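Down below is the structure, laid out as structure tokens.
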Amino acid sequence: EVQLVESGGDLVQAGGSLRLSCAASGFTFDDYNIAWYRQAPGKEREGVSCISNSDGSTYSADSVEGRFTVSSDNAKNTVYLQMNSLKPEDTAIYYCAAKWGPCTTVPGRRGLYEYNYWGQGTQVTVSS
């Protein structure tokens, strides 16, 4: 059974940092890429970053470039999202998702249908 479990969400002040984790099981980790999406209240789910577990290549949205870093620990089948310089507009539920093959672009709306497996989400709240 495929499982993706996010953790690390919390309430933090603007300018602070958080590290989210996505623990994966039930599939060959190295053959998949993992994406991070987020969904704020009343807004569409949007792609944040993705990483190819085969070679570590990454893509990130312009809104988080330079502030968020996605990485993976293949020995632990876990992907991380390090979030620095957090802003109130980063407040959202953050989801990780998995899809076979490499990540070739910033995850977008199409990925909502292409990513086969999703976690349950973790809440990130940034206070001003």
Side-chain angles (χ1 to χ4, degrees):
E1 178 188 5
V2 172
Q3 278 195 318
L4 297 171
V5 180
E6 303 97 333
S7 62
D10 206 345
L11 170 64
V12 64
Q13 288 189 334
S17 297
L18 281 176
R19 188 178 79 158
L20 306 183
S21 299
C22 172
S25 61
F27 58 91
T28 305
F29 190 75
D30 289 6
D31 291 343
Y32 281 66
N33 78 80
I34 304 290
W36 286 97
Y37 278 78
R38 66 185 181 184
Q39 188 165 19
K43 295 190 176 181
E44 291 186 352
R45 193 171 296 191
E46 64 172 356
V48 176
S49 299
C50 63
I51 184 166
S52 298
N53 294 326
S54 58
D55 64 4
S57 57
T58 64
Y59 294 84
S60 292
D62 289 343
S63 59
V64 304
E65 189 70 53
R67 300 189 299 123
F68 291 11
T69 302
V70 60
S71 63
S72 66
D73 184 337
N74 289 32
K76 295 183 178 180
N77 283 9
T78 300
V79 169
Y80 304 98
L81 184 67
Q82 178 66 44
M83 305 187 295
N84 298 328
S85 302
L86 282 161
K87 305 175 181 180
E89 51 263 43
D90 294 319
T91 295
I93 300 174
Y94 283 71
Y95 300 89
C96 63
K99 182 178 71 168
W100 189 89
C103 173
T104 58
T105 187
V106 176
R109 184 175 296 179
R110 185 172 177 175
L112 297 176
Y113 305 97
E114 294 183 338
Y115 280 87
N116 311 93
Y117 307 109
W118 292 79
Q120 82 290 348
T122 187
Q123 177 71 50
V124 172
T125 303
V126 184
S127 63
S128 57

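Predicted model only: the values in this text are computed from it and were never measured.
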- Check Val124, Val126, Val70, Val12 against Met83 for a side chain to side chain contact (heavy atoms under 4.5 Å, CB included) and give me the one that passes. Val124
Is any side-chain heavy atom of [X] less than 4.5 Å from a side-chain heavy atom of [Y]?
| X | Y | answer |
| --- | --- | --- |
| Tyr115 | Asn33 | yes |
| Phe29 | Val79 | yes |
| Thr122 | Ser7 | no |

Using 0.5 Å steps for rounding, measure from the [atom1] atom of [X] to the [atom2] atom of [Y].
| X | Y | atom1 | atom2 | result |
| --- | --- | --- | --- | --- |
| Asp55 | Ser72 | CG | OG | 9.5 Å |
| Cys22 | Asn77 | SG | CG | 10.0 Å |
| Ser57 | Ile51 | OG | CD1 | 7.5 Å |

- Of Glu114, Glu44, Glu46, which is the lone residue that meets side chain to side chain donor-acceptor pair (under 3.5 Å) with Arg109? Glu44
Shortest non-hydrogen contact from [X] toward [Y]:
| X | Y | value |
| --- | --- | --- |
| Ile93 | Gln123 | CG1-OE1, 3.3 Å |
| Cys96 | Ile34 | CB-CG2, 4.1 Å |
| Ser128 | Pro88 | CB-CG, 3.8 Å |

Sidechain-backbone polar pair: [X] side chain, [Y] backbone, donor-acceptor under 3.5 Å:
| X | Y | result |
| --- | --- | --- |
| Thr78 | Ala23 | no |
| Asn74 | Asn53 | yes |
| Ser52 | Pro102 | no |
| Gln120 | Glu6 | yes |
| Asn116 | Lys99 | no |

- Give the intermediate values and the outcome of side-chain contact (heavy atoms from CB on, under 4.5 Å) for residues Phe68 and Trp36. CA-CA 11 Å; Phe68 291 11; Trp36 286 97; over 6 Å; no
- Aromatic ring proximity, centroids under 6.0 angstrom, Trp118 and Tyr37: yes
- Message: Considering only residues two or more places apart or on different chains, which pairs with a residue in residues 44-64 satisfy ring-ring contact (aromatic ring centres under 6.0 Å, His included)?
- Response: none
Check whether [X] and [Y] end up in the same hydrophobic cluster, where Ile, Leu, Val, Met, Phe, Trp and Tyr are linked by side-chain heavy atoms less than 4.5 Å apart.
| X | Y | answer |
| --- | --- | --- |
| Leu20 | Tyr95 | no |
| Val48 | Leu86 | yes |
| Trp100 | Val2 | yes |

- Contacts of type side chain to side chain donor-acceptor pair (under 3.5 Å), residue Ser60, not counting sequence neighbours: Ser49
- Message: Pair Arg38, Val64 - check side-chain contact (heavy atoms from CB on, under 4.5 Å), show working.
- Response: CA-CA 12 Å; Arg38 66 185 181 184; Val64 304; 4.1 Å; yes
- Query: Under the side-chain contact (heavy atoms from CB on, under 4.5 Å) criterion, do Leu4 and Phe27 qualify, and how do the steps go?
  - Reply: CA-CA 10 Å; Leu4 297 171; Phe27 58 91; 4.1 Å; yes
- Task: Could you tell me which residues satisfy side chain to side chain contact (heavy atoms under 4.5 Å, CB included) with Ala40, sequence neighbours excluded, listed by chain and number?
- Result: Lys43, Ala92
